Protein chains: 2
Amino acid sequence: MSAGHTAITTPGAAEGEPVISCETPQDECGVRDVLDRLGDKWSVYVVVELASGVLRFKELQRRIHGGISQRMLTLTVRRLERDGLVKRTVHPTVPPQVEYELTELGHSLTHLVKTLADWSIAHRPDIAAARRAYDGRAAQAEAGATR
Amino acid sequence: MSAGHTAITTPGAAEGEPVISCETPQDECGVRDVLDRLGDKWSVYVVVELASGVLRFKELQRRIHGGISQRMLTLTVRRLERDGLVKRTVHPTVPPQVEYELTELGHSLTHLVKTLADWSIAHRPDIAAARRAYDGRAAQAEAGATR
DNA sequence: CCGTATCCCAGCCGATACTG
DNA sequence: CAGTATCGGCTGGGATACGG
């Protein structure tokens, strides 16, 4: 991974006017850092569930969509803990009890996730329509090739 | 994948006050739709590069961080096209010439990407510090176990 | 130039079994 | 309950070669 220059311009902005500029190319502006977290299958759901409060391991597992495996939940919360997004508290009782909660940093991420979710919900019809159109065209092209 | 209920509350909101609610659990609120796009290694970079204007295939490939392979650029761009985020225009010249540009939908995503990038840049020091602290603790614990 | 087709490896992730 | 350990399938994605 490496880069020279990267920039985003909005439609409204003057052409070539950078909205995002990367001055530290060697780590890809750190964007990849966040995206990697968002990219892995479960992190977002953990953040979403923890956004509403403190949860124990099993309870967290039970709430997550589609049933995350023990293994993946462990890995996911560990990564989130390592990144300072989640706080892990072990109560030395028997049986053991471990509680997870978002840190301040973690809570600030929930706002981004909300933005993402809003966009997603707002534009889902558009995306669905685009896919149908694309798939329709593809099927038609295939039929044309056979004909 | 399936779910019963999912909600996000912000720290400021009253406890249990849902900021995000999922009424259509069967498709995970559509959030996964967006996340899957963001999650795959290259989509974001393609969107970022196209945000500043129309680009041909080879030029796009040349600009992207770390040198995306032909194969992956093709796949990425096709997915984005299918989702209606990118418009693909083939000029039937010889040699062939194909131009890529963002659609309106695609441009609206750049705003989200910018938000993500801003958050990422703003909190990178925090994350880096958290990782150092975590790794330090881990190393110490290991030393303690050996001692 | 712009792809598509094929091969192949590395890693993710689920299932399962075992500890403190 | 809350993990760790191990195995195995699946998929993402790079390298390469070829076609229009």
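Predicted model, so just to flag it, every value in this text is computed and none were measured. Residue numbers begin at 1 in each chain, while the letters A, B, ... track the order of the sequences. Note that these values count all heavy atoms, side chains included, but never hydrogens, waters or copies made by symmetry.
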Practice problem: May I ask you to verify if any side-chain N or O of B:Arg56 is less than 4.0 angstrom from the OP1 or OP2 atom of C:dC2? | Solution: yes

Quiz item: Starting at CD1 of B:Ile68 and ending at P of D:dA15, how long is that distance when rounded to a whole Å?
Solution: 12 Å

Practice problem: Starting from P on D:dA15, measure out to CD on B:Gln61 and report it in whole angstrom. | Solution: 11 Å

Exercise. Over all heavy atoms of both residues, which pair between A:Val47 and A:Leu102 is shortest? Give the atoms and the distance, please.
Key: O-CD1, 3.9 Å

Self-check item: Considering all heavy atoms, the nearest B:Tyr100-B:Leu50 contact
Solution: O-CD2, 3.4 Å

Exercise. For A:Asp36 and D:dG13, give me the distance from atom CG to atom P, rounded to whole Å.
Key: 11 Å

Exercise. Check whether any side-chain N or O of A:Arg71 sits under 4.0 Å from OP1 or OP2 of D:dA2, and answer yes or no.
Key: no

Quiz item: Where each residue is assigned the nucleotide of DNA chain C containing its nearest heavy atom, which of A:Ser69 and B:Val98 is assigned the position nearer the 5′ end?
Solution: B:Val98

Quiz item: Can you list the steps and then say if B:Asp118 with B:Lys114 is a salt bridge (Lys or Arg N to Asp or Glu O under 4.0 Å)?
Solution: CA-CA 6 Å; B:Asp118 288 346; B:Lys114 172 172 166 37; 2.8 Å; yes

Quiz item: To the nearest angstrom, how far is B:Leu60 atom CG from C:dC1 atom P?
Solution: 14 Å

Quiz item: Could you give the distance from CZ (B:Arg71) to OG1 (B:Thr74), rounded to the nearest 0.5 Å?
Solution: 9.5 Å

Quiz item: Which whole-number value in Å describes the distance from A:Met72 CE to C:dC13 P?
Solution: 4 Å

Practice problem: Taking only the side-chain nitrogens and oxygens of B:Tyr100, find out if one of them lies under 4.0 Å from OP1 or OP2 of C:dG3. | Solution: yes

Quiz item: Rounded to the nearest Å, what distance is computed from the CD atom of residue B:Glu99 to the P atom of nucleotide C:dC2?
Solution: 10 Å

Practice problem: To the nearest 10°, let me know how far the axis at one end of the helix from C:dC1-D:dG20 to C:dG20-D:dC1 is tilted from the axis at the other, five pairs an end. | Solution: 40°

Quiz prompt | B:Arg78 CZ - D:dG13 P separation (whole Å) | solution = 17 Å

Quiz prompt | Nearest non-hydrogen partners of B:Gln61 and B:Gln70, listed with the distance | solution = NE2-N, 3.5 Å

Practice problem: Indicate the atoms forming the closest heavy-atom contact of B:Phe57 with B:Leu73, along with that distance. | Solution: O-CD2, 3.7 Å

Quiz item: Whole Å only: how far is the CD1 atom of A:Ile64 from the P atom of C:dC13?
Solution: 13 Å

Quiz prompt | Nearest-0.5 Å distance that lies between atom CH2 in B:Trp42 and atom CD1 in B:Ile64 | solution = 7.0 Å

Practice problem: Return the nearest nucleotide to the side chain of A:Pro96; candidates are C:dC2, D:dC1, D:dG14. | Solution: D:dC1

Quiz item: Is the phosphate of D:dG3, meaning OP1 or OP2, less than 4.0 Å from a side-chain N or O of A:Arg88?
Solution: yes

Exercise. Return the 5'-most residue of the pair B:Leu75, B:Gln70 with respect to DNA chain D, ranking by each residue's nearest nucleotide.
Key: B:Leu75

Quiz item: Would you say C:dG3 has OP1 or OP2 under 4.0 Å from some side-chain N or O of B:Lys58?
Solution: no

